[in-house]
Asks: 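Please read through the structure below; I'll follow up with questions.
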Amino acid sequence: MLPADLLDRLLPDTAPTQQWEEANPPRDLPAGAEVTRFAPSPTGFLHIGGVYTAMVAKELAERSGGSYFVRIEDTDQARAIEGSDEHFARAFPHFGIDPTEGPDAPWGPYRQSERSEIYRSFVRALLESGHAYPDFVTKDELAAITERQQAAKVDLGYWGEWAVWRDAEPERVTAALDEGLPFTIRFRAPDAPGRIAFDDAIRGRIEADDNRNDVVLLKSSAEPLPLPTYHLAHAVDDHLMRVTLVLRGDEWISSVPLHLQLFDALGFEPVRYAHVAPLMKGEGKSRRKLSKRKDPEASVDFWMAEGYPVGAVRHYLRGLANSRLADLPFEEAAAEPLRLEEFGASGPLVDIPKLDDISADYVAQMPATDIRDRLLAWADEHDPELAGLLRATGDDLLAIIDVDRVDTDRVRKDIVKWSVFRERYGFFFPELFALVDDPADERFLGVPPEVVAAFTTDFVAGYDPDTASPGWFDQVRGLAERHGFALDRKAYKADPDAFHGTMREASNIVRVTLTGSGQSPSLDQIAGVLGADEVRRRVGAPAG
RNA sequence: GCCCCCAUCGUCCAGCGGCCUAGGACGCCUGCCUUUCACGCAGGUAACACGGGUUCGAAUCCCGUUGGGGGUGCCA
């Protein structure tokens, strides 16, 4: 161990750790209450996998009567990206993963770059107890060591005799300091490493080799603000913030042996871990972790821009976590607790078609007023033109949304996400609708242009807007018969050449002229909303 | 190289030694319903990675192989 005056030169003016222990008292919580946290790095944008883990963390805390907070892990100043804070500020409330605690709670600050004083205290303690030492090795020397280790086919890393500063004499340290050489503080890994076992809340018992690397605890003293590495910050923060359950990605499993050593060296009670399998992306036959670079759906921006209702996303994600919940009705599933033991140990693939299906179901059971509110909120952000039109429509918007949704047990499921509203329901707004005036348009499914023209001319001439629903279609039926369409499939199948098609093609002429699409809500209801004049104008367009 | 994790239909899972000729959901295909598209309903398609054990009996337990993922950083 280095003498105290040398330690003072290494880390001057450090407060005793006792001070931090006292300032961060255990919370007064009921037995069994979990304290969890979400610890994102401000490097670019929030990953949907982060939302997934955070949702679980928050839910477990809330269900157990505990506490959940967000801690920004910005110890890598070089990788921090401008704008991350703003992005987080939008995304957290959107997905309901904003903290239930902080920023003024006693366990803060919740940003690691503001906690350097705290880390220094604990590093000093580690130095004093001989669990850490200063290391003046340069990058070049490190590279040379790695090279020799590769040649010698031994484990890579700073360990044993490769750790050249591990047992440096005080005189040598003093000399290096006198020279003004920058240094890091490294952990002194316990001697005689063996095997270790620990229990993961998701995976059960895991065995691994003990860590024997002298990992860096405190980054270079040449930095303006020497910050800790993840490992030290994790131990200190999760201890001081009195976290009871650490939820994190399974890429951390191999660091647990080190973390346990750190907790021990620091004299902390170890935390419970739950390592969550990452969300995956299918690629051909294989799969890989969802990547922010390659996969748009990895970023929460995608989910927000597409306009998936958060309730649907939540249901989908919770179903991935605990498949027991996947097939339950929304409310029932939401009422059921998430259980760590039921998490899958392998990473699930994010399946957009499945999400779409869930989302369509979710929207279908929303009241029209809710759909309107969410849609408006989405459009304000992502489609201002549409937002303006929706607002101008007033209460008629509710009628539009409810077409084919009320007084029926077969609810339409056209809206899978807010971004499809424009293409599915845009025809209700004259500003978004383009007349279909070419009788040869391919959307008429191959019906001869002259037939389309004659049919639509006839339709306009005799259009009766007052007919109620059952009768409204009689007009189409009558028209179909007169213009050479088969009224039932059997007749058509018996002699396809004798007809221009069936009622399907005939109705399609009306549908396409009215909506521009082959898929739309019930024609009679649309006609009712649009009004007789507009119906005549649209259907008559290809008549010439 | 070494260490760790994982492995059931195309996808998400269920299955935790006999109830499995492997079940559900999404997708896909076919019919039905609808005087129209969609919705809905009914049916169909399709999997225990491979090889050894253990056991009266294995998708389920053990070992190995293969494959995939991760770690081995002054990135988290």
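Just so you know, these numbers come straight off a predicted model, no measurement behind them.
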Asks: State whether Phe198(A) and Arg205(A) meet the cation-pi test: NZ (Lys) or CZ (Arg) under 6.0 Å from the six-membered ring centroid, and within 45° of the perpendicular axis.
Replies: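 Judged by the rule (NZ or CZ under 6.0 Å from the ring centre, within 45° of its axis), Arg205(A) is not positioned above Phe198(A).
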Asks: Among all residues two or more places apart in sequence or in another chain, which pass the salt bridge (charged side-chain N to carboxylate O under 4.0 Å, His left out) test with Asp210(A)?
Replies: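 Counting only residues at least two positions away or on another chain, Asp210(A) forms no salt bridge (charged side-chain N to carboxylate O under 4.0 Å, His left out).
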Asks: Which nucleotide sits closest to the side chain of Glu73(A): rA76(B), rC12(B), rA14(B)?
Replies: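 Nearest to the side chain of Glu73(A) among the choices is rA76(B).
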Asks: Between the protein and nucleotides 24-26 of chain B, list every N/O to N/O distance that falls short of 3.5 Å.
Replies:
residue, atom, partner, partner atom, Å
rA25(B), O2', Lys354(A), NZ, 2.7
rC26(B), O4', Lys354(A), NZ, 3.4

Asks: With sequence neighbours left out, which residue pairs that include part of residues 342-362 of chain A fulfil the salt bridge (Lys or Arg N to Asp or Glu O under 4.0 Å) condition?
Replies: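 Only Arg324(A)-Glu342(A), Arg339(A)-Glu342(A), Asp361(A)-Lys413(A) qualify under salt bridge (Lys or Arg N to Asp or Glu O under 4.0 Å).
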Asks: Dump every N/O contact between nucleotides 37-40 of chain B and the protein below 3.5 Å, one line per pair.
Replies:
residue, atom, partner, partner atom, Å
rC37(B), O2', Gly518(A), O, 3.0
rC37(B), O2, Arg412(A), NH2, 3.4
rC37(B), O2, Ser520(A), N, 3.0
rC37(B), O2, Ser520(A), O, 2.8
rC37(B), N3, Arg412(A), NH1, 3.1
rC37(B), N3, Ser520(A), O, 3.2
rA38(B), N3, Arg412(A), NH1, 3.2
rC39(B), O2', Val411(A), O, 2.6
rC39(B), N3, Arg410(A), NH1, 3.1
rG40(B), OP1, Lys413(A), NZ, 3.0

Asks: Please collect all side-chain hydrogen bond (donor to acceptor under 3.5 Å, both in side chains) contacts where either partner lies in residues 141-151 of chain A, sequence neighbours excluded, each pair once.
Replies: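 Matches after skipping sequence neighbours: Thr138(A)-Glu141(A).
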Asks: Can you name the residues that form a salt bridge (charged side-chain N to carboxylate O under 4.0 Å, His left out) with Arg188(A), not counting sequence neighbours?
Replies: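 Only Asp167(A) meet the salt bridge (charged side-chain N to carboxylate O under 4.0 Å, His left out) criterion with Arg188(A).
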Asks: If you look at every strand shown and take non-hydrogen atoms under 4.0 Å, does Thr184(A) touch a base, only sugar-phosphate, or nothing?
Replies: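 Base, at least one base heavy atom under 4.0 Å.
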Asks: Of all residues at least two apart in sequence or in a different chain, which pass the side-chain contact (heavy atoms from CB on, under 4.5 Å) check with Glu179(A)?
Replies: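 Only Leu181(A) meet the side-chain contact (heavy atoms from CB on, under 4.5 Å) criterion with Glu179(A).
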Asks: With rounding to whole Å, what would you report as the distance between rG27(B) and rC20(B) at their P atoms?
Replies: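 Their P atoms lie roughly 27 Å apart.
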Asks: Under a 3.5 Å threshold, yes or no: a donor from one side chain and an acceptor from the other, between Glu336(A) and Asn322(A)?
Replies: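 On atom types as modelled, these side chains do not qualify, holding no pair under 3.5 Å.
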Asks: For Arg477(A), which residues count as a salt bridge (charged side-chain N to carboxylate O under 4.0 Å, His left out) partner, sequence neighbours excluded?
Replies: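 Partners of Arg477(A) under the salt bridge (charged side-chain N to carboxylate O under 4.0 Å, His left out) test: none.
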Asks: rA76(B), OP1 or OP2 - any side-chain N/O from Arg79(A) closer than 4.0 Å?
Replies: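 Answer is no, no contact under 4.0 Å.
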Asks: If the condition is side-chain contact (heavy atoms from CB on, under 4.5 Å), which residues does Arg111(A) pass it with, not counting sequence neighbours?
Replies: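 Arg111(A) satisfies side-chain contact (heavy atoms from CB on, under 4.5 Å) with Ile72(A), Asp74(A), Asp85(A), Ser113(A), Glu114(A) once adjacent residues are dropped.
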Asks: Output the rounded distance in Å from CG (Leu325(A)) to P (rC13(B)).
Replies: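 Nearest whole value for this atom pair: 13 Å.
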Asks: Show every salt bridge (Lys or Arg N to Asp or Glu O under 4.0 Å) that has at least one partner inside residues 213-237 of chain A, sequence neighbours left out.
Replies: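 Found Arg71(A)-Asp237(A), Arg115(A)-Asp237(A), Arg166(A)-Asp214(A).
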Asks: Which pairs, protein N/O on one side and nucleotides 1-5 of chain B N/O on the other, fall under 3.5 Å?
Replies:
residue, atom, partner, partner atom, Å
rC4(B), OP1, Arg195(A), NH1, 3.3
rC4(B), OP1, Arg195(A), NH2, 3.2
rC5(B), O2', Arg203(A), NH1, 2.5

Asks: Report all interatomic pairs (protein N or O, nucleotide N or O of nucleotides 61-63 of chain B) with separations under 3.5 Å.
Replies:
none

Asks: Using a cut-off of 4.0 Å on non-hydrogen atoms, how would the nucleic acid contact of Arg324(A) be classed: base, sugar-phosphate, or nothing?
Replies: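 If one applies the 4.0 Å heavy-atom cut-off, Arg324(A) turns out to touch nothing in the nucleic acid.
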Asks: Taking NZ, NE, NH1 and NH2 as the nitrogens, is one of them in Arg272(A) or Asp199(A) under 4.0 Å from a carboxylate oxygen of the other?
Replies: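 Judged by the 4.0 Å cut-off on N to carboxylate O distance, Arg272(A) and Asp199(A) do not form a salt bridge.
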